Amino acid sequence: MVAISLPDGSVRQYDGAVTGADVAKDIGPGLFKAALAIKVDGEMKDLYTVLDRDCTLAIVTGKDPEGLELLRHDAAHVMAEAVKELYPETQVTIGPAIENGFYYDFARSTPFTPDDLEKIEARMREIVARDEPIRREVWNRDEAVKFFDSIGEKYKAEIIASIPSNEDISLYRQGEFIDLCRGPHLPSTARLGNAFKLMKVAGAYWRGDSRNEMLQRVYGTAWATEKQLKEYLHMLEEAEKRDHRRIGKEMDLFHIQEEAVGSVFWHHKGWTLYRTLESYIRTRLEKSGYQEVRTPQLVDRSLWEASGHWEKFGENMFTIDTPDERVLAVKPMNCPCHVQIFRHGLKSYRDLPLRMAEFGSCHRYEPSGALHGIMRVRAFTQDDAHIFCTEDQITAETVAFCELLKSVYKDFGFEDVRVKFSDRPAVRAGSDEVWDQAEGALLEAAKAAGLETTLNPGEGAFYGPKLEFTLRDAIGRDWQCGTLQVDFVLPERLDASYIAPDSSRKRPVMLHRAILGSFERFIGILIEHFAGRFPMWLAPLQVVVATITNDADDYAREVKAALDAAGLRADLDLRNEKINLKVREHSLAKVPVILVVGKREGEERTVAVRRLGGQQQEVLALEQAVATLAQEAAPPAA
RNA sequence: GCCCAAGUAGCUCAGGGGUAGAGCAACUGAUUCGUAAUCAGUAGGUCGUAGGUUCAAAUCCUAUCUUGGGCACCA
């Protein structure tokens, strides 16, 4: 007897061993049809796994997250099968499920064309229609290596060869195609359905190493239903509409051109946004006990040699040979310069913690392929600061920083921030005791600040662990903005010290920290986050006064003057055009407020307030409207 | 840096060996009009750059730059 407990609490008894498929069929033909796999005692298994002892069982369908992942994984396998049928000389490598879809890396001398993608996709649908059973086989490792070698799949053979030789491995066979895979898989190719689409081809290095050969990666998306697929494609279209590069152009915020690759030309509107952001964060820093400084752009190589940047970061630095035969570097970071200010004059423990902030303009020679709009550039400005403190102060300073960061993000409407904790890398400076303390303090402080962190093992800086705060852009890409790094190394290398209570000289600890990250990236994220419809306080142009007829011109000028006097960023539209056109144009330009004035408003000294996206207007007395708008336009920190 | 794709009017895009096209924007004129497109007319381009093939190149070839999507990178 085999007793199988189902998620609803019921138990089914069977005389002997059954498969998951039998149980599903037993429960109902609808469920059997939808069944993709099973979960036995919490573990994902093939639908046709034999159940010969008591267990808990859940039938997994496309509605379950695990089922969807399975579906995507199978889509990758079906794609590989299609490719092998169409282009037998191609070697297969790996093909996992990823967020929203899947990919498969192929090795072949000629790259796939967009045309090939269509053919592959069509063949995939044929394979689905063929309804090929997908079955698991267990092989001996060495035989599997031999087998894949014999059919010319040297990448597969290499993967299997890296598995310990005493382990058996599982292969999955569907039609003529056989692939190494841990599984589980769908029972047959028909279960994949047709809610998938191949998206793009891209190069990808074998085993993710740029020293290896480049493979052809084909990306696809796959869903449980056609409706979900459609929704996803629609979401991508919407995301494209809020791409910061598109909106930056539409709203006349900035541009980038060939002669200054990786650097932003800020137009007046974009620069207004930039200045608003800068002034906001400056106020926040001042209120949090930071001192703002300004350090040089060009610094002699000797300082970078002393700090270690010349050796560790040299490839990313712009350098200049001067007529007097010196070599200067355009600063890629502010930290060494900040240490110079710290070193200037004797510091006492009473001066600590010393929080030194700079809106430091930095240049880094980023690889050409890394550049991306204004999100990843070669010239950028950080809201950078270094906190010089004692080891005892690390926790308190970290908590205070996290609080400040959360509060700043909240002011922009970012509530769900991903935080990664990067711990000690293999190559590092400092003793294990120091690392224990630094990591412990950082983790404890993150917890105290109410942050949930995911571990990013071995990704810390060579001088200390770090917290990375990431925000997600319109199309799901994560961008690191804020950071906090604990550094015991630079104070040592650049000989920073303070006088302790016992009048001995001690090394301070440096906390490198940024909230926005870079203004360029953060503004890019803001543009996408708000789709260009900025809240009043950030909007480059806050109010447009639009007239209905020229009779209202004089009054409109008065209204504009009142707005100017209240410190609002306002424009005047006196053109001889219909109000419909004016409303349309300023709405498309995403101006938060349009004040419509006609003859009536002039006589009554009122304005008709029309808010972006709103259908109705509100008629207010001029003074009242200006006061209300001025209040709305105040930055959160003021 | 590597793989693929794309660069045509201010913007969005069509054209694919035989004198360069559309819509919107711009400009000119008319229209003075109550909340997302008033009408008419005019002007606008070394087809990314440099070579080559050809009687003839935006179109084919080569190189190069830039952009986009990935990969690698991101102290």
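The structure displayed is predicted, hence computed values, not measured ones. Every chain is numbered from 1, with letters handed out A, B, ... down the list of sequences.
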Taking the six-membered ring for Trp and the single ring otherwise, decide whether the centroids of A/Phe196 and A/Phe102 are under 6.0 Å apart.
-> no

With a 4.0 Å cut-off on heavy atoms, is A/Arg211 in touch with a base, just the backbone sugar-phosphate, or nothing at all?
-> nothing

Looking only at side-chain atoms of A/Ser210, point me to the closest of B/G70, B/A36, B/A72.
-> B/A72

Would you kindly check whether a donor in the side chain of A/Asn580 faces an acceptor in the base of B/C33, or vice versa, at under 3.5 angstrom?
-> no

Please work out if A/Ala608 contacts a base, only the sugar-phosphate, or nothing of the nucleic acid, heavy-atom cut-off 4.0 Å.
-> base

G-U wobble or Watson-Crick pairing nucleotide for B/G18 (cut-off 3.5 Å, both distances) | B/C55

If you look at every strand shown and take non-hydrogen atoms under 4.0 Å, does A/Ala461 touch a base, only sugar-phosphate, or nothing?
-> sugar-phosphate

Heavy atoms under 4.0 Å, any strand shown: does A/Glu601 hit a base, just sugar-phosphate, or nothing?
-> base

Any N or O donor-acceptor pair linking the side chain of A/Arg376 to the base of B/C73 at under 3.5 Å?
-> yes

In Watson-Crick or G-U wobble terms, with both distances under 3.5 Å, the base opposite B/G7 is B/C65

Can you tell me if A/Thr295 and A/Glu358 form a side-chain donor-acceptor pair at under 3.5 Å?
-> yes

Kindly point out which of B/C73, B/A36, B/G70 is positioned nearest to the side chain of A/Met214?
-> B/G70

How would you label the contact of A/Tyr219 with the nucleic acid (heavy atoms, under 4.0 Å): base, sugar-phosphate, or nothing?
-> sugar-phosphate

Write down the distance separating the P atoms in B/G18 and B/C24, rounded off to the nearest Å.
-> 28 Å

So which nucleotide from B/U66, B/G69, B/A72 ends up closest to the side chain of A/His372?
-> B/G69

Provide the Watson-Crick or G-U wobble partner of B/A36, both distances under 3.5 Å; none if there is no partner.
-> none

Would you mind telling me which of B/C65, B/U38, B/C3 lies closest to the side-chain atoms of A/Glu258?
-> B/C65

Select base, sugar-phosphate, or nothing to describe what A/Gly208 touches, counting heavy atoms under 4.0 Å on all strands.
-> sugar-phosphate

Establish, for the pair A/Arg108 and A/Phe112, whether the NZ or CZ atom is under 6.0 angstrom from the six-membered ring centre and no further than 45 degrees off its axis.
-> yes

Under 6.0 Å from the six-membered ring centre of A/Tyr365 and within 45° of its axis: does the NZ or CZ of A/Arg378 meet both?
-> yes

Nucleotide nearest A/Ala202 when distance is taken to its side chain, options B/G70, B/A36, B/U35 | B/G70

With heavy atoms under 4.0 Å as the rule, sort A/Gly464 into base, sugar-phosphate or nothing.
-> nothing

Which nucleotide in the set B/G68, B/G34, B/A36 lies at the smallest distance from any side-chain heavy atom of A/Arg610?
-> B/A36

Got a donor-acceptor pair under 3.5 Å from the side chain of A/Gln617 to the base of B/G34?
-> no

Is it possible for you to check whether A/Arg376 lies under 6.0 Å from the centre of the six-membered ring of A/Trp479, through NZ or CZ, and within 45° of that ring's axis?
-> no

Side chain of A/Val596: nearest nucleotide among B/G34, B/G1, B/C33?
-> B/G34

Sugar-phosphate only, base, or nothing, as touched by A/Gln216 at under 4.0 Å among non-hydrogen atoms | sugar-phosphate

Return the nucleotide paired to B/G41: Watson-Crick means purine N1 to pyrimidine N3 with N6-O4 or O6-N4, wobble means G-U with N1-O2 and O6-N3, both under 3.5 Å.
-> B/C27

Scanning all shown strands, the Watson-Crick or wobble mate of B/C2 with both distances under 3.5 Å is B/G70

Round to the nearest Å and state the distance from A/Leu581 atom CG to B/C39 atom P.
-> 10 Å

With a 4.0 Å cut-off on heavy atoms, is A/Pro111 in touch with a base, just the backbone sugar-phosphate, or nothing at all?
-> sugar-phosphate

Where the side chain of A/Lys578 is concerned, which of B/G34, B/U38, B/G1 is the nearest nucleotide?
-> B/U38

A/Ala204 has its side chain closest, among B/G69, B/U35, B/C71, to B/C71

Decide if atom CD of A/Glu153 counts as having more than 12 heavy atoms of other residues, nucleotides or ligands within a radius under 6.0 Å.
-> yes

Here the distance between atom P of B/A30 and atom CZ of A/Arg575, to the nearest Å, is 17 Å

Counting heavy atoms from C-beta on, name the nucleotide in B/A36, B/G1, B/C3 closest to the side chain of A/Leu588.
-> B/A36

Answer with base, sugar-phosphate or nothing: what part of the nucleic acid does A/Met199 contact at a heavy-atom distance below 4.0 Å?
-> nothing

Hey, does the side chain of A/Lys249 come within less than 4.0 Å of B/G10's phosphate (OP1/OP2), counting only N and O?
-> no

Touch class at under 4.0 angstrom, heavy-atom based, for A/Arg217 against every strand present | sugar-phosphate

A/Arg245 CZ - B/U12 C1' separation (whole Å) | 16 Å

Distance-only polar pair, side chains of A/Thr113 and A/Asp115, donor-acceptor under 3.5 Å | no

Has the side chain of A/Tyr205 got a donor or acceptor that lies under 3.5 Å from a partner of the other kind on the base of B/G1?
-> yes

